[in-house]
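These numbers come from a predicted model, not from an experiment.
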Amino acid sequence: MSQDRLHVLLIPALQAAFQQLFDHVATPEAFTFQATRPEFEGDVTINVFPFLKISGKGPEPTAQAIGVHLQANVEVVERFNVVKGFLNLKIADGYWIDFLQNTGDQDLLQLPSTGKEVMVEYASPNTNKPLHLGHMRNIFLGHSVSRILEATGNKVVRVQVINDRGIHICKSMLAWQKYGKDETPESNGLKGDKLVGKYYVEFDKAMKQEVQDLIASGTPKEEAEKQAPILLEAQEMLRKWEGNDPDVRALWERMNGWVYAGFNATYERMGVAFDRVYHESETYVLGKNDVLEGLKKGVFYEKDGAVWVDNTKEGLDEKVLLRSDGTSVYMTQDIGTAIKRFEEFPGLSRLIYTVGNEQDYHFKVLFLILKKLGFPWANELHHLSYGMVDLPTGKMKSREGTVVDADDLMEEVVQAARTSGEQLSKLDEFSEEEKAQLFEMIGMAAVKYYLLKVDAKKRMLFDPAASIDLQGHTGPFIQYTYARIKSLLRRTEDLVKNASSQVPSTVLSEELEVIKLLHHFPAVLSGSAMALDPSSLANHTYELVKAYNGFYQSVPVLKEEDPIKRDFRIGLSRAVALATKKAMWCLGIEVPERM
RNA sequence: GGUCCCGUAGCUCAGCUGGAUAGAGCACCUGCCUUCUAAGCUGGCGGUCGUUGGUUCGAAUCCAACCGGGAUCACCA
């Protein structure tokens with residue numbers, strides 16, 4: 001169902017035209033519309049080339065015939081012209097004026113409820129290292145998609161899975177035991193996740209040293225990498241953890257507690273939250289029974305004591321689901337966790353996993369397995385797959401220390417916003433606290449918008465200089481436009497009371513351009529939701545405020561003497577502010593009242 | 001090697017359910033603050049849409065091959 005009200009108006013008329021002119025029954029999908037190119041007169045263009053077989057005429061006569069019919073039968077079609085096979089329709093100014101008038105102060109970007117409940121998983125960090133730039137793309141994406149789904153009428157459950165178990169956390173624990181000297185976040189003021197991450201690095205260093213020593217004493221490299229004493233010790237610790245050793249468990253809880261405190265601080269600054277947090281220490285036991293059940297049903301098979309699934313018919317491979325010793329693999333717990341989620345949330349109709357595209361194959365296999373197990377919801381699973389974030393220096397590699405830390409980056413962008421803001425010296429009446437709030441908003445808008453404006457599916461380059469830019473196609477640019485409108489609206493409070501109930505009879509081209517972008521916004525939002533793609537929404541928001549800036553520059557609002565025109569422009573400005581604020585909300589970005 | 005993704009202006013990206021002369025931002029050059037916030041607005045420069053074929057009235061968009069880049073294919077997570 002199209003969200004574009006003009007298309008909704010035109011399609012039945014076109015169907016009637018085809019019936020009458022060509023004796024042909026056309027489906028609504030047969031018609032596509034495009035915006036008329038600026039060099040021709042008109043607002044909407046229909047390309048008639050696809051209809052030549054139906055009409056049995058050449059392009060011009062076909063377009064001409066349809067145009068005549070539409071003009072006669074659709075009130076808002078004022079005029080039309082034909083250029084080659086293109087039928088350009090001029091929509092009456094009254095249509096656009098009515099649209100704006102009727103929209104008034106309602107939320108253009110809140111679509112009717114679907115009655116559906118959707119789960120969105122994002123973030124999903126490991127507890128051995130702090131969040132970095134890659135997580136930021138993941139988190140902002142997942143958060144924005146959640147908001148977009150809410151704006152399109154869904155109930156959303158936000159979840160994350162924290163990978164809190166396994167060899168990686170044992171490495172941090174062991175290194176802390178050995179070298180930590182009881183260092184805690186409280187004792188040294190280091191954020192908990194940073195502290196634990198520090199010992200993960202310590203472990204790595206110690207192990208490298210041991211491996212080198214072993215190689216020096218004649219052990220082959222491969223052997224050395226498996227036999228480093230500290231690694232064996234970490235593996236022993238993992239076994240103790242699995243055996244519920246009280247000391248190991250206590251240390252594990254303590255250190256994970258530090259990490260969670262650290263993560264929560266980071267999430268808070270990011271402005272994101274979760275309704276339900278899963279821990280792998282709980283979910284890693286799931287799935288085993290489901291796999292055995294599938295084995296019984298003949299969906300899976302046994303070979304060499306292990307349980308396998310054969311996906312070769314579907315163009316994929318065979319895959320182990322239970323090892324010959326009966327233990328689980330990663331896939332096993334993902335099967336179990338998905339099942340558990342639909343049990344826990346019986347109203348759930350969709351489940352969206354925000355995970356990097358290096359796991360495309362994993363999710364293909366997972367979804368296929370769940371389909372084979374016969375779960376009715378298996379067709380409503382989506383992998384929201386996103387590309388890696390590269391640095392100008394190349395790929396981010398934790399081993400080479402080229403990872404961009406999330407906390408550091410947020411601090412940098414906020415500082416950059418402060419530097420530029422103070423240079424402009426227009427915030428003199430702001431208190432220190434208000435300034436701090438504003439710079440926080442601007443800095444965060446810069447990074448978030450920078451990461452969200454690019455199509456999530458694609459790998460992207462993170463240019464630190466560009467990410468703190470406040471000009472051009474950026475979040476702060478949009479914020480600035482919003483703040484400027486708000487400033488304008490603040491001066492109209494007394495005017496609003498006795499605002500004219502009359503409307504102008506015509507619109508200026510600058511006004512029209514803005515109105516059309518507003519008009520199209522719900523369709524963009526709905527497309528964004530369908531494709532789980534915030535970038536299209538981000539780009540449209542930019543186009544809207546850019547057009548508004550053009551209008552603002554050349555058309556007086558408060559200085560307009562004709563009260564009818566003035567009030568109309570105030571209404572237009574208010575509508576743009578409203579839509580911008582909501583669109584930015586969908587992106588997880590706040591907008592300031594002044595800046 | 002099998003499978004999947006990506007190649008558009010100097011740089012970063014839109015456009016991709018086929019449609020008119022391929023668009024933005026940054027950078028560079030240029031003009032606009034006694035008028036509603038110049039974090040803004042004008043104008044200019046800049047393109048064999050990776051290459052070659054094919055389908056079509058029409059291809060950046062669809063198909064194939066090739067070139068270049070990346071990911072993935074463990075009884076790892």
Side-chain angles (χ1 to χ4, degrees), chain A residues 29 32 34 36-37 39-40 45 47-50 52 58-59 83-86 88 126 163 165-168 280 284 303-308 315-331 333-334 356-362 364-365 385 387-388 390 392 395 417 420-421 423-424 426-427 442 450 453-455 457-463 465-467 469-474 476-481 483-492 535-536 538-540 542-543 545-546 548-560 566 569-570 573 594-595:
Chain A
E29 294 76 31
T32 54
Q34 51 185 305
T36 304
R37 292 189 70 99
E39 58 267 37
F40 304 107
T45 293
N47 185 334
V48 302
F49 276 108
L52 301 187
V83 182
K84 293 194 269 181
F86 297 92
N88 302 319
N126 290 356
N163 186 359
R165 65 164 284 278
I167 191 72
H168 60 265
E280 287 208 3
Y284 88 111
K303 187 173 79 186
D304 305 329
V307 179
W308 293 74
L316 305 172
D317 299 305
E318 294 172 290
K319 168 88 193 159
V320 166
L321 301 178
L322 281 179
R323 298 193 189 97
S324 44
D325 64 1
T327 55
S328 295
V329 292
Y330 190 63
M331 188 66 76
Q333 69 162 299
D334 270 4
N357 63 9
E358 69 271 15
Q359 296 202 38
D360 283 355
Y361 181 77
H362 174 80
K364 259 189 207 169
V365 175
S385 166
M388 287 191 173
D390 287 326
K395 273 177 77 167
S420 329
Q423 266 170 13
L424 291 172
K426 52 174 160 182
L427 304 169
I442 295 173
Y450 184 85
K453 73 174 172 181
V454 180
D455 184 354
K457 291 192 294 291
K458 292 185 182 162
R459 163 183 254 249
M460 71 174 286
L461 183 93
F462 183 85
D463 176 359
S467 74
D469 203 341
L470 312 177
Q471 275 143 29
H473 190 184
T474 66
F477 173 93
I478 297 168
Q479 289 179 317
Y480 175 71
T481 308
R484 213 157 58 160
I485 297 173
K486 292 303 281 200
S487 158
L488 190 147
L489 293 177
R490 251 176 261 127
R491 299 158 185 262
T492 64
S535 73
S536 51
N539 286 314
H540 189 80
Y542 170 70
E543 275 170 43
V545 300
K546 191 173 142 69
Y548 182 85
N549 280 337
F551 157 81
Y552 180 91
Q553 186 73 24
S554 52
V555 180
V557 180
L558 302 179
K559 298 217 183 312
E560 171 60 49
R566 183 197 61 205
R569 289 172 196 163
I570 292 172
S573 301
R594 51 188 90 206
M595 75 184 265

Length of the line joining [X]:[atom1] and [N]:[atom2], which is rounded to integer Å:
X	N	atom1	atom2	value
A:Gln479	B:G40	CD	P	12 Å
A:Asp390	B:U12	CG	P	11 Å
A:Lys453	B:G25	NZ	P	11 Å
A:Tyr542	B:A39	OH	P	16 Å
A:Leu470	B:A39	CG	P	11 Å
A:Arg569	B:U35	CZ	P	19 Å
A:Arg459	B:C13	CZ	P	11 Å
A:Glu318	B:C75	CD	C1'	13 Å

How far, in whole Å, is [M] from [N] if one measures between their [atom1] atoms?
N	M	atom1	answer
B:G15	B:C62	P	12 Å
B:C6	B:C29	P	37 Å
B:G10	B:G70	C1'	23 Å
B:A27	B:A9	C1'	12 Å
B:G43	B:U51	P	31 Å
B:C5	B:G58	C1'	29 Å
B:U21	B:C49	P	15 Å
B:A20	B:C13	C1'	24 Å

Mind checking who [N] pairs with, Watson-Crick or G-U wobble, both distances under 3.5 Å?
N	answer
B:C57	B:G19
B:G1	B:C73
B:U35	none
B:C45	none
B:A9	none

Measure up the A:Phe49 and A:Phe86 rings against each other and bin them: parallel (under 30°), tilted (30 to 60°), perpendicular (over 60°).
perpendicular
Establish whether the base of [N] is bridged to the side chain of [X] by a donor-acceptor pair shorter than 3.5 Å.
X	N	value
A:Lys559	B:U35	no
A:Thr45	B:A20	yes
A:Asn88	B:A20	yes

5′-ward residue of the pair A:Ser536/A:Val557 relative to RNA chain B
A:Ser536
If you find the nucleotide of RNA chain B closest to A:Gly550 and the one closest to A:Gln359, which residue's nucleotide is nearer the 5' end?
A:Gly550
Is a donor from one side chain sitting under 3.5 angstrom from an acceptor on the other, for [X] and [Y]?
X	Y	answer
A:Thr481	A:Asn549	yes
A:Arg459	A:Asn357	no
A:Tyr450	A:Asp463	no

Are any of [X]'s side-chain N or O atoms less than 4.0 Å away from OP1 or OP2 of [N]?
X	N	result
A:Lys458	B:G70	no
A:Arg37	B:G23	yes
A:Lys364	B:U72	no
A:Lys395	B:A71	yes
A:Lys457	B:C6	no
A:Asn549	B:C41	yes
A:Arg323	B:A77	yes
A:Ser487	B:U37	yes
A:Tyr361	B:U72	no
A:Arg484	B:A38	yes

Stacked pair A:Phe40-B:A20, distance under 5.5 Å, angle under 30°
yes
Is there aromatic stacking of A:Phe86 on B:G19 here, judged by a ring-centre distance under 5.5 Å and a plane angle under 30°?
no
Testing B:A14, B:U12, B:C36 for proximity to the side chain of A:Leu558, the answer is B:C36
From the options B:A38, B:C75, B:C41, select the nucleotide whose nearest atom is closest to the side chain of A:Phe477.
B:C41
Could you tell me if the ring centre of A:Phe551 sits under 6.0 Å from that of A:Tyr548?
yes
Chi-angle category of B:C6 [syn within 90° of 0, anti beyond]:
anti
